[in-house]
Amino acid sequence: MTTLFISDLHLEAGRPEIGEQFLSFLGDEARDAEALYILGDLFEVWLGDDDPNPYYTSMKVAIRELTDSGVPVFFMHGNRDFTIGEIFSGETGVEILDDPVIVDLYGQSVLLSHGDALCTDDVQYQQVRAMTRNPEWQTMMLAKSIEERIAFSIQARKDSMAHSNSVSAEIMDVNLEAIVATLRQHGTSIMLHGHTHRPAIHDVDLGNRLATRIVLGDWFEQGSVVRWDENGPRLETMPR
Ligand code: MN
């Protein structure tokens, strides 16, 4: 049996080919999986569990069909869909995970994260992250009308794009010291994350031992998946 990991699909009605591939994946390969982990940014923008967006409703129905078929599905918040909450969880049957979390995979202790918390060089982003992950801020935001939240998300997207264009790619990548500190703190030798859209497998020198960092890719041009079984992890692309 294989455990599947995906992240950074950025589903939205305006990019239907991603959703079509996701639906095929859920209805086909994922049905035979031991479990599916979605490590954040499944959705391009999540206004709140009360968003009536019919495109997202169709995705929720497909996820529910998978959990109803007996495949456990786990979700970790990304920086686009961090307000996914208990209502979504109840509708889809998905279990929401903390970031980071340690899971046991075929006898190996593995750290899972979305990855944005590791981008510590981007001080401005970390300030926004701290604000928006604050429960009081979220309660305030989710109390606004859907229209107000749409207006906020459009502005936030503009600000984020302006910021991305003003700082270097290195600044927005993960910070090696944060990686080392996180692996040491949790005593793990292997981690898996997304967010940076730079699929790769890296060695990480922890001084006394060598660790591995696996990075999932986004789904903009093709699917990206980690297939993990008793032989270990494989980072693979899924052509459309
Ligand atoms: Mn992200």
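Quick note: numbers below take in every heavy atom, side chains included, and nothing from hydrogens, waters or symmetry partners. When a ligand or atom number is given, it counts from 1 through the structure's own listing order.
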**Q** Output, by chain and residue number, all protein N/O/S atoms separated from the Mn ion (ligand 1) by less than 2.8 Å.
**A**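 Checking every protein N, O and S atom gives Asp41 OD2, Asn79 OD1, His114 NE2, His195 ND1.
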**Q** Taking atom CG as the centre, does Asp104 end up with more than 12 heavy-atom neighbours from other residues, nucleotides or ligands that are less than 6.0 angstrom away?
**A**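 Enclosed: over 12 neighbouring heavy atoms sit under 6.0 Å from CG of Asp104.
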**Q** Considering residues at least two apart in sequence or located in another chain, which fulfil the ring pair (Phe, Tyr, Trp, His ring centres under 6.0 Å) criterion with His193?
**A**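 Testing His193 for ring pair (Phe, Tyr, Trp, His ring centres under 6.0 Å), a comparison that skips the adjacent residues, returns none.
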**Q** Under 6.0 Å from the CD atom of Glu221, do we count more than 12 heavy atoms belonging to anything else shown?
**A**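 Atom CD in Glu221 is not crowded, with 12 or fewer foreign heavy atoms closer than 6.0 Å.
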**Q** Using the ring centroid of each side chain, check whether Phe43 and His10 are separated by less than 6.0 Å.
**A**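 Centroid distance Phe43-His10: not below 6.0 Å, so no.
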**Q** Centre-to-centre under 6.0 Å for Trp137 and Phe152, is that the case here?
**A**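 When the ring centroids of Trp137 and Phe152 are compared, they turn out to be within the sub-6.0 Å range.
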**Q** So, applying side chain to side chain donor-acceptor pair (under 3.5 Å) with Asn79, which one of Arg129, His114, Arg133 is it?
**A**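 Answer to the side chain to side chain donor-acceptor pair (under 3.5 Å) test with Asn79 among Arg129, His114, Arg133: His114.
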